[in-house]
Amino acid sequence: AQSVSQHNHHVILSEAASLELGCNYSYGGTVNLFWYVQYPGQHLQLLLKYFSGDPLVKGIKGFEAEFIKSKFSFNLRKPSVQWSDTAEYFCAVNAPQAGTALIFGKGTTLSVSS
Amino acid sequence: GAVVSQHPSWVICKSGTSVKIECRSLDFQATTMFWYRQFPKQSLMLMATSNEGSKATYEQGVEKDKFLINHASLTLSTLTVTSAHPEDSSFYICSAAFRDSVNSPLHFGNGTRLTVT
């Protein structure tokens with residue numbers, strides 16, 4: 001079965017700082033990888049996804065993530081954060097050929113001060 | 001775009017009563033729907049996988065007799081919390097995948113906030 005590990009529980013940044021949130025997964029087969037964001041009081045929204053192809057994936061709101069297969073990682077990055085990026089970020093993985101559900105990491109709380 | 005509708009968005013019930021939560025895929029057929037539970041400041045935990053026309057598959061530790069799941073059609077799955085207790089208070093979220101498209105990203109409902117008094 002898959003599992004997802006997010007290294008950072010709470011990240012605090014000032015506006016314009018660069019962001020990198022770690023995500024590692026464990027699964028030996030083909031995976032789909034996702035990053036979701038949950039703004040305070042709102043539901044989950046998809047930031048970006050990786051299925052295949054270019055391992056550098058660009059998502060909405062200036063976010064990107066890089067799939068490094070050898071490291072089983074899918075870290076989320078943003079060169080310059082804004083106060084409005086304050087939210088909970090979840091990494092998730094599923095195994096499409098096994099028909100599995102998305103398995104989520106425990107999430108990282110990002111707090112951006114203006 | 002694809003939309004998953006979840007109803008109700010919030011419900012308050014008394015201990016011992018049952019609550020039904022509906023999850024509908026509005027513009028696509030969802031062979032499989034998933035039910036998650038999210039406690040405050042925690043991640044989403046998969047409760048069960050619901051396949052149209054068959055019994056749901058529950059994750060370890062989830063009581064199937066307490067959390068009844070029915071997936072009667074390709075656009076509707078329901079979760080019934082039976083004999084609810086205060087510890088069942090949580091945020092319940094459903095998600096659905098396009099039929100015959102294992103690579104499609106799952107679409108999430110807005111969730112249901114259940115409070116049991």
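Each chain gets a letter, A, B and so on, in the order the sequences are listed, and its residues count up from 1. Since we're looking at a predicted model, the values are computed, not measured.
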Review point. In chain order, what residues pass the ring-ring contact (aromatic ring centres under 6.0 Å, His included) check against A:Phe104, with sequence neighbours excluded?
Key: A:Tyr36, B:Tyr36, B:Phe108
Practice item. Look at atom NE2 of B:His85 and say whether more than 12 heavy atoms of other residues, nucleotides or ligands are closer to it than 6.0 Å. Key: yes
Review point. With a 4.5 angstrom heavy-atom cut-off, which part of A:Gln38 approaches chain B: side chain, backbone, both or neither?
Key: side chain
Check: residues 55-64 of chain B side-chain donor-acceptor pairs under 3.5 Å, at least two apart:
unit_1: B:Tyr58; atom_1: OH; unit_2: B:Phe67; atom_2: O; d: 2.6
unit_1: B:Tyr58; atom_1: OH; unit_2: B:Ile69; atom_2: N; d: 3.2

Review point. Quick one: are A:Leu102 and B:Leu46 in side-chain contact, heavy atoms under 4.5 Å?
Key: no
Review point. Which value, rounded to the nearest 0.5 Å, describes the distance between B:Phe34 atom CZ and A:Ile103 atom CD1?
Key: 9.0 Å
Check your understanding: For the hydrophobic clusters of this structure (ILVMFWY residues joined by side-chain heavy atoms under 4.5 Å, transitively), does one cluster hold both A:Leu76 and A:Ile60?
Key -> yes
Exercise for review: Write down the atom of B:Gln38, the atom of A:Phe90, and the distance for their closest heavy-atom approach.
Suggested key: NE2-CZ, 3.6 Å
Point to revise | Exam field: side chain B:Ser43 to backbone A:Gly107, donor-acceptor pair closer than 3.5 Å | key: no
Check your understanding: In terms of hydrophobic clustering (I, L, V, M, F, W, Y; side-chain heavy atoms under 4.5 Å; direct or indirect links), are A:Val4 and A:Tyr27 co-clustered?
Key -> yes
Exercise for review: Report, as yes or no, whether the 6.0 Å neighbourhood of atom NE2 on A:His10 holds more than 12 heavy atoms from other residues, nucleotides or ligands.
Suggested key: yes
Exercise for review: Kindly write out the residues that satisfy side chain to side chain contact (heavy atoms under 4.5 Å, CB included) with B:Thr78, not counting sequence neighbours, or none if the list is empty.
Suggested key: B:Lys20, B:Glu22, B:Asn70, B:Leu76
Check your understanding: Which residues from residues 109-117 of chain B are near chain A, with near meaning under 4.5 Å between non-hydrogen atoms?
Key -> B:Gly109, B:Asn110
Review point. Mind checking whether B:Val19 and B:Tyr92 sit in one hydrophobic cluster, side chains of I, L, V, M, F, W, Y counted as touching below 4.5 Å?
Key: yes
